[in-house]
Amino acid sequence: MSANDELLQLSTPSPGVACLTLNRPQAMNALSLALRQAIADAVDRLAADPAVRVLVLTGAGRAFCAGLDLREIDGNALGNAKADPVLALRRFPKPIVGAVNGAAVTGGLELALACDVLIASTQARFADTHARVGVVPGWGLSQKLPRLIGIGRAKEMSFSGNFIGAEQAERWGLVNRVVAPEELLPQAFALAADMASALPDVVQIYKQLIDGGYAGSLADGLVEEKAASRRWAESLDTAQLRARREEVQARGRTQAG
């Protein structure tokens with residue numbers, strides 16, 4: 001345990017699922033250099049832990065994350081790659097579910113965008129205030145946001161700095177679903193548990209394929225998928241495949257009922 005661990009709360013809500021909670025509620029979980037380092041270190045540790053199959057990321061108090069702590073902001077802090085929580089989340093090879101409990105602003109929005117799936121409380125709000133604060137984004141927001149919600153909507157958010165609510169974020173495709181505040185963590189943990197129950201090696205290959213294809217062309221993505229499928233097929237055990245298929249069919253019958 002490091003001195004920075006008190007800035008984060010780590011819990012294990014179910015087997016295979018780890019939850020990291022940003023724990024600076026008095027500062028709306030603003031990203032101090034210490035918190036940024038704590039996130040990066042914790043995410044890298046969890047990435048190396050074979051018992052962890054899915055990560056849930058959320059915030060304590062009334063905010064998900066208010067962005068960089070402006071009291072500490074300077075060129076050295078912005079350029080410190082070792083304290084880059086978004087880069088750590090990007091290289092995390094397993095699924096990340098973001099449970100957005102409140103405001104996700106600027107750097108906090110970039111943290112959210114580094115998650116694979118976002119579930120938002122009705123109290124969640126989203127804003128990109130880089131142009132108002134006077135900082136050029138460096139964690140990928142200018143590239144990922146337009147790809148996610150469309151270039152016109154991204155420009156509206158980024159050029160104005162205006163907030164959008166959870167329902168509008170859902171309509172725009174920024175979040176997967178919106179739930180009541182008391183349902184946020186239960187639903188995030190339930191989804192994470194479903195992901196953790198799938199075959200972890202395939203889930204990680206799937207994540208690589210989706211992210212790689214999303215960043216490149218459709219043609220290149222199709223070629224990589226075919227190659228990955230062939231590599232995986234070489235190691236398939238037919239008996240295990242049949243057993244898993246029966247499990248999937250039984251699960252489908254249960255869910256349909």
Side-chain angles (χ1 to χ4, degrees), residues 4 7-8 20 22 24 27-44 55 57-59 62-92 96 98 100-118 120 124-166 168-175 210-217:
N4 288 334
L7 299 173
L8 284 173
L20 280 179
L22 280 61
R24 294 186 73 206
M28 296 184 68
N29 299 316
L31 294 168
S32 63
L33 185 58
L35 178 56
R36 290 165 59 193
Q37 188 69 63
I39 295 170
D41 290 346
V43 169
D44 285 343
L55 173 63
L57 183 67
T58 192
R62 60 191 180 92
F64 176 74
C65 177
L68 288 177
D69 191 330
L70 298 181
R71 294 170 298 183
E72 295 184 359
I73 203 165
D74 60 46
N76 291 330
L78 287 172
N80 188 343
K82 292 183 178 180
D84 188 337
V86 172
L87 182 60
L89 290 168
R90 278 191 201 146
R91 63 176 173 250
F92 189 77
I96 305 171
V100 185
N101 53 301
V105 183
T106 313
L109 177 57
E110 298 199 78
L111 274 188
L113 291 176
C115 298
D116 297 300
V117 174
L118 290 178
R125 298 189 302 152
F126 303 85
D128 175 16
T129 64
H130 279 100
R132 289 192 174 275
V133 174
V135 176
V136 175
W139 288 345
L141 190 150
S142 69
Q143 302 305 303
K144 191 161 187 181
L145 188 63
R147 287 168 168 80
L148 188 62
I149 67 174
I151 189 169
R153 289 167 174 170
K155 286 179 177 179
E156 178 179 339
M157 287 187 69
S158 298
F159 296 172
S160 70
N162 291 341
F163 281 81
I164 65 171
Q168 186 173 356
E170 183 181 28
R171 290 195 301 270
W172 282 7
L174 181 58
V175 304
I210 292 173
D211 288 346
Y214 191 70
S217 70

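Bear in mind that the values here come from a model prediction, so they are computed numbers and not experimental data. Count residues from 1 along the sequence.
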So, do [X] and [Y] sit near enough that their side-chain heavy atoms are less than 4.5 Å apart?
| X | Y | answer |
| --- | --- | --- |
| Thr106 | Leu68 | no |
| Val100 | Val175 | no |
| Glu156 | Asn162 | no |
| Trp172 | Met157 | yes |
| Cys65 | Val105 | no |
| Thr129 | Ser158 | no |

Determine the minimum heavy-atom distance between [X] and [Y], stating which atoms define it.
| X | Y | value |
| --- | --- | --- |
| Phe126 | Gly165 | CD1-O, 4.5 Å |
| Leu57 | Cys115 | CD2-SG, 4.2 Å |
| Lys144 | Ala114 | NZ-CA, 4.2 Å |
| Arg147 | Tyr214 | O-OH, 2.7 Å |
| Phe64 | Ala104 | CD2-CB, 3.8 Å |
| Arg24 | Ala30 | NH1-O, 2.8 Å |

Indicate yes or no: does Asp211 engage Arg90 in a salt bridge with an N to O separation below 4.0 Å. no
Dump the intermediate steps for salt bridge (Lys or Arg N to Asp or Glu O under 4.0 Å) on Asp44 and Arg91, then the final yes or no. CA-CA 8 Å; Asp44 285 343; Arg91 63 176 173 250; 2.9 Å; yes
Could you tell me whether the side chain of [X] and the main chain of [Y] form a donor-acceptor pair under 3.5 Å?
| X | Y | value |
| --- | --- | --- |
| Arg125 | Phe163 | no |
| Asn101 | Gly59 | yes |
| Arg36 | Asp84 | no |
| Asn29 | Leu31 | no |

Separation between [atom1] of [X] and [atom2] of [Y], rounded to the nearest 0.5 Å:
| X | Y | atom1 | atom2 | value |
| --- | --- | --- | --- | --- |
| Leu109 | Ile164 | CG | CD1 | 8.5 Å |
| Glu110 | Ser142 | CD | OG | 8.0 Å |
| Leu33 | Leu35 | CG | CG | 9.5 Å |
| Arg171 | Ile149 | CZ | CD1 | 12.5 Å |
| Asp128 | Ser160 | CG | OG | 8.5 Å |
| Leu118 | Leu148 | CG | CG | 8.0 Å |

Show your working on side-chain contact (heavy atoms from CB on, under 4.5 Å) between Thr58 and Leu22 and close with a plain yes or no. CA-CA 6 Å; Thr58 192; Leu22 280 61; over 6 Å; no
For Leu174 and Leu145, what are the C-alpha separation, side-chain angles and deciding distance, and is it a side-chain contact (heavy atoms from CB on, under 4.5 Å)? CA-CA 8 Å; Leu174 181 58; Leu145 188 63; 4.1 Å; yes
